[in-house]
Undergrad: 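Sharing a structure with you now.
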Amino acid sequence: IEKYGSPTQCVENKHSGADSNSLIMSDLYQGRITYACIFSAPGGLIQLSIEKYGVLDGVVMIKYEDAQNINAKRQNDLDEI
């Protein structure tokens with residue numbers, strides 16, 4: 001937050017009182033937990049999320065979308081219509 005400010009979008013569906021890592025990961029695997037935030041950076045977008053990875057494992061995913069590539073893809077899609 002110090003570097004990029006507050007997220008432009010944030011989705012957070014918390015677990016229902018699960019008090020152990022195994023239960024939290026099980027809820028994540030079954031789609032009952034969602035954590036994702038999008039930050040606007042000077043050159044594009046940064047997305048942070050927690051994704052399922054196996055039955056009792058999760059990963060923190062960091063995705064960066066370059067603004068120039070987003071605009072080029074958008075223009076290409078429009079050209080195909």
Side-chain angles (χ1 to χ4, degrees):
I1 292 179
E2 184 176 323
K3 187 171 185 177
Y4 298 110
S6 296
T8 56
Q9 267 185 315
C10 199
V11 176
E12 186 175 346
N13 298 324
K14 297 181 180 182
H15 55 90
S16 57
D19 59 353
S20 74
N21 286 340
S22 295
L23 290 174
I24 292 170
M25 289 296 108
S26 177
D27 282 353
L28 177 68
Y29 179 77
Q30 294 175 29
R32 293 189 290 233
I33 295 178
T34 305
Y35 292 108
C37 288
I38 298 175
F39 295 85
S40 290
L45 300 173
I46 298 170
Q47 179 180 343
L48 300 175
S49 62
I50 300 175
E51 305 290 332
K52 64 182 176 181
Y53 184 79
V55 177
L56 294 177
D57 295 315
V59 295
V60 174
M61 184 175 293
I62 302 171
K63 291 170 65 176
Y64 175 74
E65 293 185 28
D66 180 62
Q68 290 179 343
N69 289 337
I70 293 170
N71 291 334
K73 182 183 181 324
R74 184 178 299 132
Q75 185 60 48
N76 187 38
D77 291 346
L78 289 173
D79 290 345
E80 289 184 8
I81 295 178

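Position 1 is the first residue of the sequence, and the numbers go up from there.
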Undergrad: Take Ile38 and Ile46 through the test side chain to side chain contact (heavy atoms under 4.5 Å, CB included) and record every step on the way to the result.
TA: CA-CA 6 Å; Ile38 298 175; Ile46 298 170; over 6 Å; no

Undergrad: Just by distance, do the side chain of Ser40 and the backbone of Leu45 share a donor-acceptor pair under 3.5 Å?
TA: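 Judged by distance alone, no pair lies under 3.5 Å.
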
Undergrad: Could you walk me through whether Leu48 and Tyr35 satisfy the side chain to side chain contact (heavy atoms under 4.5 Å, CB included) test, starting with their C-alpha distance in whole Å, then the side-chain angles of each, then the deciding distance to 0.1 Å, before giving a yes or no?
TA: CA-CA 8 Å; Leu48 300 175; Tyr35 292 108; over 6 Å; no

Undergrad: Compare all side-chain heavy atoms of Leu28 with those of Ile50 and state whether any distance is below 4.5 angstrom.
TA: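 Of all side-chain heavy-atom pairs linking Ile50 with Leu28, at least one is under 4.5 Å.
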
Undergrad: Please determine whether the number of non-hydrogen atoms from other residues, nucleotides or ligands lying under 6.0 Å from atom OH of Tyr64 exceeds 12.
TA: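 Count over threshold, so yes.
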
Undergrad: Could you give the distance from CG (Asn13) to CG (Asp27), rounded to the nearest 0.5 Å?
TA: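 Taking CG in Asn13 and CG in Asp27, the distance rounds to 11.5 Å.
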
Undergrad: Output the distance between atom CD1 (Ile33) and atom CD (Glu12), rounded to the nearest 0.5 Å.
TA: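 The CD atom of Glu12 is 10.5 Å from CD1 of Ile33, to the nearest 0.5 Å.
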
Undergrad: Taking the side chain from Tyr29 and the backbone from Gly58, do they hold a donor-acceptor pair closer than 3.5 Å?
TA: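 Not confirmed, Tyr29 side chain does not pair with Gly58 backbone.
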
Undergrad: Is Ile62 atom CD1 crowded by more than 12 heavy atoms from other residues, nucleotides or ligands, each under 6.0 Å away?
TA: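 Atom CD1 in Ile62 is not packed in, count stays at 12 or less.
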
Undergrad: List in chain and number order the residues that pass side-chain hydrogen bond (donor to acceptor under 3.5 Å, both in side chains) with Glu51, two or more places apart in sequence or in another chain; answer none if no residue qualifies.
TA: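 Expected list: Ser49.
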
